[in-house]
*Asks:* 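Have a look at this one before I ask anything.
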Amino acid sequence: MNVTRELFDEVMVPNYNPAAMIPVRGLGSRVWDQNDNEYVDFAGGIAVNVLGHCHPNLVNALKEQGDKLWHLSNVFTNEPALRLAKKLVDATFAEQVYFANSGGEANEAALKLARRWALEHHGEQKNQIIAFKQGFHGRTFFTVTVGGQPAYSDGFGPKPGAIDHAVYNDLDSLKALISDNTCAVMMEPLQGEGGIISPTAEFVKGVRELCDQHNALLIFDEVQSGVGRTGDLYAYMGLDVVPDILTTAKALGGGFPIGAMLTTKAIAASLKVGTHGSTYGGNPLACAVAEAAFDTVNTPEVLEGVARKEQLFRQGLDAINQKYNVFSEVRGKGLLLGGVLTEKYQGRSRDFLVAATKQKLMCLVAGANVVRFAPSLVVPDEDIQEGLARFEQAVASVVNAE
Ligand SMILES: *Cc1c(COP(=O)(O)O)cnc(C)c1O
């Protein structure tokens with residue numbers, strides 16, 4: 001069969017618009033397309049491939065588990081799920097874990113748990129969920145409505161109710177909405193899709209205090225910021241604030257689909273037998289790969305390497321910017337960085353991404369004004385240099401096309 005990009009338009013639902021080239025294999029931070037062109041990967045499958053492509057630890061775990069047991073459903077438990085849950089619990093504030101298959105599903109579980117917990121402990125009037133503008137929490141109808149971009153939830157009929165949005169990094173806007181009827185506040189401890197926006201320390205502390213005052217659960221969506229991305233195992237660890245519920249996905253499986261919701265025993269108790277579930281959630285294959293990813297990431301070498309590699313990126317991007325003056329700032333933390341376009345290039349982040357692909361560099365955007373980088377946490381220094389050299393060519397081509 002002749003597999004081409006044209007075939008996509010013919011047989012695939014048109015909700016995506018993928019690049020013209022079709023990747024066929026990857027190794028570390030390099031990817032090859034059908035014509036054997038080699039790309040440097042600074043996109044990491046949208047902050048997923050935390051150990052690059054085909055990391056031997058993950059390939060071994062996949063092959064080993066693949067020969068043993070793939071799927072049972074939750075009528076049975078399994079060893080990889082229990083081992084992974086124990087490791088997540090030991091490494092975080094959490095005491096219990098619910099496994100899902102994606103970030104959106106982990107968030108769906110978190111929101112349903114918050115509503116059920118509030119109903120059980122405080123009554124049905126306590127059902128308000130507050131999230132933040134520009135926030136992103138997934139594409140299920142509940143999570144996309146909690147997300148802070150109405151354009152993503154409009155046009156699908158009546159939305160789930162009792163959901164309000166405050167302004168990120170603006171405590172007064174949260175104060176104006178929160179009350180004893182609030183059951184949960186959901187936030188990303190570093191907004192990803194919304195433009196790589198870090199919270200201020202005072203803001204996060206203030207959110208925690210307001211939740212405590214009103215008996216509302218604080219849910220941290222660490223789907224993008226978690227599993228070493230910021231240099232801490234989870235971003236909350238670098239913020240000095242502990243949530244009540246944490247969701248994690250993307251990097252958790254290193255490229256294999258898995259998500260998880262972490263919480264305390266007291267809160268988890270509200271998800272009694274039969275209240276929620278998933279056919280595949282916590283399947284042995286996903287959990288075996290995630291366990292290997294977790295073991296590999298949760299080491300001083302990898303986590304400390306993130307801060308060092310962040311400096312390489314920042315230095316390289318600053319040098320490019322001194323020549324071409326396209327960014328007003330480079331923001332973010334660890335290996336989740338965003339170059340914010342200057343006034344002159346507003347709305348054109350996609351042009352930079354397309355130019356980068358032409359230079360055989362994969363990167364990302366975060367909205368129309370931010371070029372985003374989310375490479376593997378173990379991206380070799382030579383690949384960082386090579387990727388940045390290609391990015392400089394891409395920037396030059398956009399600037400010179402004026
Ligand atoms: C990607 C993302 C999600 C959605 O995860 P899926 O696996 O696509 O469902 C949710 N929250 C945040 C912060 C994300 O970055």
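Just so you know, ligand 1 is whichever comes first in the structure, and atom 1 is the first atom listed for that ligand.
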*Asks:* According to the ring pair (Phe, Tyr, Trp, His ring centres under 6.0 Å) rule, which pairs have a member within residues 10-35, sequence neighbours left out?
*Replies:* none
*Asks:* Would you please name every residue forming a ring-ring contact (aromatic ring centres under 6.0 Å, His included) with Tyr280, sequence neighbours left out?
*Replies:* His71
*Asks:* Can you list every pair that meets salt bridge (charged side-chain N to carboxylate O under 4.0 Å, His left out) and has a residue in residues 311-332, with sequence neighbours left out?
*Replies:* Glu310-Arg314, Lys323-Glu392, Glu329-Arg331
*Asks:* Around ligand 1, what residues show up once you keep those with a heavy atom under 4.0 Å from it?
*Replies:* Ser102, Gly103, Gly104, Asn107, Phe136, His137, Gly138, Glu188, Asp221, Val223, Gln224, Lys250
*Asks:* Under 3.5 Å, side chain of Asn369 to main-chain N/O of Ser349, donor-acceptor pair present?
*Replies:* no
*Asks:* If you count heavy atoms of other groups shown closer than 6.0 angstrom to NZ of Lys358, is the number above 12?
*Replies:* no
*Asks:* Using 4.0 Å as the upper bound for N to carboxylate O, is an ion pair formed by Asp381 and Arg308?
*Replies:* yes
